[in-house]
Student: 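First the structure, which I've put down as structure tokens, then a few questions once you've had a look.
Just so it is clear: chains get the letters A, B, ... in the order the sequence lines come, proteins before strands, and each one is counted from 1.
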Number of protein chains: 2
Amino acid sequence: MVQNKDVEPRPRGRPRAYDPRAALRQAIDAFWKTGYSGTSLDEISAATGMNRPSLYAAFGDKHTLYLKALEQYWQLSLVSMREALADPDESLNAALMRLYDGQLSIYFSGDGRPRGCFAIGTATTEAVEDPEIRKALAEGVHMLDSDLEARLQMAQDKGELKDGADPAALAMLASAMLHTIAIRARAGIPRSELREIARKAVSVICG
Amino acid sequence: MVQNKDVEPRPRGRPRAYDPRAALRQAIDAFWKTGYSGTSLDEISAATGMNRPSLYAAFGDKHTLYLKALEQYWQLSLVSMREALADPDESLNAALMRLYDGQLSIYFSGDGRPRGCFAIGTATTEAVEDPEIRKALAEGVHMLDSDLEARLQMAQDKGELKDGADPAALAMLASAMLHTIAIRARAGIPRSELREIARKAVSVICG
DNA sequence: CTTATTTTGTACCATACCGCATAAAATCCT
DNA sequence: AGGATTTTATGCGGTATGGTACAAAATAAG
């Protein structure tokens, strides 16, 4: 089914039955619902269609599989957020709403119930006793902080903010807003309501 | 060891070896570190000093035990927050800082590593697939929202907020700030830093 | 066609887990 | 003292879990 892309020389032995990238996405889906501890390798095996030895060969044990899933999620998520903040001609208000709308699309994606942010929703629990997950969580959070602060700084430089505004403080509020939305999505608050509080928060932030 | 308080008529059979309230607190401590799925009944048994049948007799199965722990935590937490917001003569700024300082004390309590908010840190993960936990999480979050909104409304009535401020929006930001602090505490961000972002956020909120 | 190489699929092992059955222990009541 | 009652303590049973051994399958190279 899968054609060899480009000039990739066909590897030596039996070909893989499943695409590792798709499998990782499906593993993310599995962890996303019930968390790291709450998801068994059998469930991941079912979600990916790979049996456990293949899973193990491709991604290592459960812990490293989860770390890879987390890293992959942060990448996708940050790409989406940076796209939202990228256009320098867009107003701060519009850029922030694009960011929140993009994340809401992620939080409410998938077949089952709304599952919020994968990282906030699953890594936070493990972070206390697991140094690697804690580090990955902290780094992801910090990335967003930095991007937002840069965007807020830009807004201030362009005179979009009221005098005396503190871009770093406003960036932290914008970041906090995303975190509370991530939590509330998992708590069952409807999407429309979350978008509404995002809208109000953006109003306050933009002054 | 335990004297019968007041006129409590000593119950009939063998006396309990452990105080159920203290045991529930210790069960909370156990769940707090590693979450619902990540904590075994053996660990809870060790933490409380009760063996499993006693645990089961006192609190029911693991799920109902966790629900009781969650409910107890919300109560303690909300009591602390309401105390912080209660004094009508205090400035909004001071009241909010009292609230954040009180919660930070909780988030950084205990012997081990900082563990943030019990509810945010452990219920969020389970909330997607567990209706009861989801409900308890949503109710707790909503309680804080309501209290903050009432306090912000009071501030506006007293003329503490700038004209045109939206108390509900500001309350949501204050709530979001607590949520992000809860997450960041688990992610390993030091307490001093969290207090600093709380201070800045309060500055913005109070105008 | 045979051999080398890699992946798959089945099955297994040791342990962990939750819940409970049952007996011993500690107290109250008569 | 003896029976009634409640809790504790030990331990078991059935299942789930993470990880792996091993043989069969699928492909490339010779």
Student: In terms of the nearest nucleotide of DNA chain C, which residue is placed more toward the 5' end: Pro15(B) or Gly60(B)?
Tutor: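 Checking each residue's closest nucleotide, the 5'-ward one belongs to Gly60(B).
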Student: Answer yes or no: does a side-chain N or O of Tyr56(A) lie under 4.0 Å from OP1 or OP2 of dG18(D)?
Tutor: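 Answer is no, no contact under 4.0 Å.
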Student: Calculate the interatomic distance between Met50(B) atom CE and dT10(D) atom P; express it in whole Å.
Tutor: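 The distance from CE of Met50(B) to P of dT10(D) comes to 15 Å, rounded to the nearest Å.
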Student: Please figure out whether Pro53(A) or Glu43(A) has its closest DNA chain D nucleotide nearer the 5' end.
Tutor: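 Nearest-nucleotide comparison on DNA chain D picks Glu43(A).
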Student: How many angstroms lie between atom CE of Met97(B) and atom OG of Ser203(B), to the nearest 0.5 angstrom?
Tutor: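 Going from CE on Met97(B) over to OG on Ser203(B), the span is 9.0 Å.
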Student: Identify the two heavy atoms, one from Ala23(B) and one from Met50(B), that lie closest to each other, and give their separation to 0.1 Å.
Tutor: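 Closest pair (atom of Ala23(B), atom of Met50(B), distance): CB-SD, 3.5 Å.
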Student: Taking CZ from Arg52(B) and C1' from dA21(C), how many angstroms apart are they, rounded to a whole number?
Tutor: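 Going from CZ in Arg52(B) over to C1' in dA21(C) covers 13 Å.
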Student: Specify whether Phe118(B) and Trp32(B) have parallel, tilted or perpendicular ring planes, treating 30° as the upper limit for parallel and 60° as the lower limit for perpendicular.
Tutor: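 Phe118(B) and Trp32(B): perpendicular rings.
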Student: What's the shortest heavy-atom distance between Lys200(B) and Ala169(A), and which atoms?
Tutor: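 Minimum heavy-atom contact is CB-CB, 3.9 Å.
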Student: Counting only side-chain N and O atoms of Asn51(B), is one of them less than 4.0 Å from OP1 or OP2 of dA9(D)?
Tutor: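 Affirmative; the distance criterion is met.
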Student: Base, sugar-phosphate alone, or nothing: which one does Ser45(A) contact when heavy atoms must sit under 4.0 Å apart?
Tutor: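 If one applies the 4.0 Å heavy-atom cut-off, Ser45(A) turns out to touch nothing in the nucleic acid.
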Student: Output the rounded distance in Å from CD1 (Ile44(A)) to P (dA16(D)).
Tutor: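 It is 17 Å, rounded to the nearest whole Å.
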Student: Where each residue is assigned the nucleotide of DNA chain C containing its nearest heavy atom, which of Ser54(A) and Arg12(A) is assigned the position nearer the 5′ end?
Tutor: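 Going by which nucleotide is closer to the 5' end, it is Arg12(A).
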Student: How close or far is atom P of dA26(C) from atom CZ of Arg16(B), stated in whole angstroms?
Tutor: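 Distance, rounded to whole Å: 18 Å.
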Student: Are OP1 or OP2 of dA25(D) and a side-chain N or O of Arg14(A) less than 4.0 angstrom apart?
Tutor: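 False: Arg14(A) side-chain N/O out of range (4.0 Å or more) of dA25(D) OP1/OP2.
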Student: Which one, dT6(D), dG18(D), dT27(D), comes nearest to the side chain of Leu41(A)?
Tutor: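 That would be dG18(D).
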Student: Starting from C1' on dG19(D), measure out to CG on Asp42(A) and report it in whole angstrom.
Tutor: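 Roughly 11 Å, once rounded to whole Å.
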